[in-house]
Amino acid sequence: MAMSERPEQRKDPVDAIIEQWATVRPDLDTAAMEVFGRIYRLSRAMGDRMDRAYAAYGIARGEFDVLATLRRSGEPYTLSPRQLSATLMLTTGGMTGRLDKLERAGLLRRSPDPHDRRGLQVTLTERGLRLVDEAVGAGLAVQTEALSALGTERGAQLADLLRDLLLATER
C-alpha cells in the first residue's frame with residue numbers, strides 16, 4: 001500500500017499528484033515521490049515564511065545566512081570571503097554581491113587580512129550582531145510554530161529521520 005493510501009490521514013496536494021500517477025502509470029512505485037515531493041513543497045513554504053520573517057529586519061534569507069555564519073563563528077565574528085563562500089556554497093561573485101549590500105547597510109565591514117596581504121576579512125559590526133541576534137530569534141519562532149503541529153516527540157523523530165536521509169544522500 002502506498003503511503004498516500006492511508007485513509008486516516010488528510011489529503012495534501014502531493015496525494016493528488018500520486019493519485020494521478022497511479023491512474024496513468026499504475027506500474028510506478030511513487031513512495032519516494034511522496035517523501036521528496038513533500039520535502040520540496042515544505043521547503044518552499046517555509047522559505048516563504050522565513051523570507052517574511054527576515055524582511056522585517058530589512059534583509060533577505062541569503063543575507064541572513066551570511067550574517068548568521070559570521071555570528072556562529074564566534075568572536076571576533078570574522079571570516080574570509082572564501083570561508084563564507086565555502087560554508088554557504090556560493091560562488092565568489094554571489095558572495096561579493098551579498099557582502100556589498102550588507103556592508104552598505106552597516107551590518108558588516110571588510111578589512112585587509114593581517115595574515116595575507118592579498119586577502120580580506122569580513123567582520124560583523126555591532127549593528128549586524130544585534131540584527132542577526134534578533135532575526136535568528138524571529139526565524140526560529142516561525143520554524144517552531146510550524147513544527148508544533150507535530151508535537152515534541154514526532155518533531156524529534158522527524159529530525160532524526162531527516163538526518164539519516166540527508167547523511168545517506170550526501171555520501
Side-chain angles (χ1 to χ4, degrees), residues 12-14 35-171:
D12 67 16
V14 175
V35 171
F36 291 104
R38 288 185 175 97
I39 289 172
Y40 176 75
R41 292 178 72 94
L42 181 60
S43 176
R44 288 195 52 178
M46 286 306 297
D48 291 346
R49 288 184 184 188
M50 299 307 290
D51 285 341
R52 288 190 296 275
Y54 298 142
Y57 297 91
I59 57 175
R61 202 170 0 147
E63 294 152 3
F64 170 82
D65 290 343
V66 171
L67 298 173
T69 300
L70 288 166
R71 177 65 168 106
R72 290 191 320 265
S73 73
E75 288 191 49
Y77 313 116
T78 300
L79 295 170
S80 72
R82 180 175 283 123
Q83 289 170 311
L84 284 166
S85 292
T87 300
L88 298 173
M89 297 182 291
L90 276 177
T91 65
T92 54
M95 180 56 65
T96 298
R98 288 184 189 179
L99 295 178
D100 288 346
K101 184 173 181 186
L102 291 166
E103 189 172 38
R104 281 192 305 271
L107 301 174
L108 57 78
R109 70 178 170 279
R110 287 182 273 201
S111 57
D113 185 335
H115 307 293
D116 179 359
R117 290 186 323 192
R118 296 172 296 155
L120 289 175
Q121 291 182 325
V122 179
T123 304
L124 272 180
T125 62
E126 283 297 320
R127 182 173 173 215
L129 180 63
R130 284 191 307 273
L131 184 136
V132 73
D133 278 349
E134 290 179 27
V136 73
L140 282 169
V142 168
Q143 293 170 344
T144 299
E145 187 274 327
L147 198 56
S148 70
L150 297 181
T152 304
E153 187 177 321
R154 289 175 62 206
Q157 182 182 21
L158 178 60
D160 288 341
L161 292 169
L162 290 171
R163 179 186 306 106
D164 291 346
L165 184 58
L166 182 60
L167 289 170
T169 303
E170 289 186 341
R171 280 194 192 120

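- A distance of 10.5 Å separates CD of Glu103 from OG1 of Thr123, quoted to the nearest 0.5 Å.
- In this structure, Leu99 CG and Arg104 CZ are separated by 10.5 Å, a value rounded to the nearest 0.5 Å.
- Screening Leu79, Leu108, Thr78 for a side-chain contact (heavy atoms from CB on, under 4.5 Å) involving Val122 leaves a single residue, Leu108.
- To the nearest 0.5 Å, atoms CZ (Arg154) and CG (Leu161) are separated by 11.5 Å.
- We find the CG-OG1 distance between Leu131 and Thr125 to be 9.0 Å, quoted to the nearest 0.5 Å.
- One distance of note links CZ of Arg127 with CZ of Arg130; it measures 8.0 Å at 0.5 Å rounding.
- The side-chain hydrogen bond (donor to acceptor under 3.5 Å, both in side chains) contacts involving residues 81-98 comprise Ser80-Gln83, where partners must be two or more places apart or lie in separate chains.
- Between Thr169 and Leu165, the closest heavy-atom pair is OG1-O, 2.7 Å.
- Annotation: the span from Leu129 atom CG to Leu124 atom CG amounts to 6.0 Å, rounded to 0.5 Å.
- Side chains of Met50 and Gln143 form a contact here, defined as non-hydrogen atoms less than 4.5 Å apart.
- Distance alone, capped at 3.5 Å, places no donor-acceptor pair between the Thr144 side chain and the Ala141 backbone.
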Going by atom type alone, with no hydrogens or angles, which donor-acceptor pairs under 3.5 Å involve a side-chain atom of residues 56-74 and a protein atom two or more places apart or on another chain?
unit_1 : atom_1 : unit_2 : atom_2 : d
Arg61  : NE     : Asp51  : OD1    : 3.0
Arg61  : NH2    : Asp51  : OD1    : 3.4
Arg61  : NH2    : Asp51  : OD2    : 3.3
Glu63  : OE1    : Ala60  : N      : 2.8
Glu63  : OE2    : Lys101 : NZ     : 3.0
Thr69  : OG1    : Asp65  : O      : 2.7
Thr69  : OG1    : Arg72  : NH2    : 3.4
Arg71  : NE     : Asp133 : OD1    : 2.7
Arg71  : NH1    : Tyr77  : OH     : 3.2
Arg71  : NH2    : Asp133 : OD1    : 3.4
Arg71  : NH2    : Asp133 : OD2    : 3.3
Ser73  : OG     : Leu70  : O      : 2.6

